[in-house]
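First up is the structure itself, then whatever we jot down about it.
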Amino acid sequence: MNHSPETQTKLIARVPTITGRELPEWFQAIDNGPAFLRCDERANWLADEHGLTHGYAAAIVHEHERHRHNRMGFI
């Protein structure tokens, strides 16, 4: 699921309010979760395991990938 940049920004801004957890907590859950290769698999797992809507799960996974790439010097 690909969101527009505007939608992604809005979803990410609401994550703490909607989920009760900050992004670093979600990033840690992804890092500690199963080693899926595809983003959609991680988003499905996150949604199923933590009761998130697929929209929020996909936004969190996308943001996690963006941060991971920035840390590794990509982009």
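Taking every heavy atom of both residues into account, Ala57 and Ala43 meet most closely at CB-O, 3.3 Å. In this structure, Phe27 and Ile60 approach most closely via the heavy-atom pair CE2-O, 3.9 Å.
Listed by first and then second residue, the salt bridge (charged side-chain N to carboxylate O under 4.0 Å, His left out) pairs involving residues 49-63 are Glu63-Arg66 (not counting sequence neighbours).
When side chains are defined from C-beta on, Asn44 counts as touching His54, because their heavy atoms get closer than 4.5 Å.
For His64, the side-chain hydrogen bond (donor to acceptor under 3.5 Å, both in side chains) partners at least two apart in sequence or on another chain are Asp31. Scored by the side chain to side chain contact (heavy atoms under 4.5 Å, CB included) test, Ser4 finds Glu6, Thr7 as partners (sequence neighbours excluded). Partners of Asp48 by side-chain hydrogen bond (donor to acceptor under 3.5 Å, both in side chains), not counting sequence neighbours: none found. Residues meeting the side chain to side chain contact (heavy atoms under 4.5 Å, CB included) test with Ala59, sequence neighbours left out: His3, Gln8, Leu11, Ile12. Scored by the side chain to side chain contact (heavy atoms under 4.5 Å, CB included) test, Gln28 finds Asn32 as partners (sequence neighbours excluded). Residues forming a ring pair (Phe, Tyr, Trp, His ring centres under 6.0 Å) with His50 (at least two apart in sequence, or on another chain): Trp26, Trp45.
The hydrophobic cluster of Leu37 has no other members, since no ILVMFWY side-chain heavy atom comes under 4.5 Å of it.
For the side-chain contact (heavy atoms from CB on, under 4.5 Å) with Glu65, the qualifying choice from Arg68, His62, His67 is Arg68, the only one to do so.
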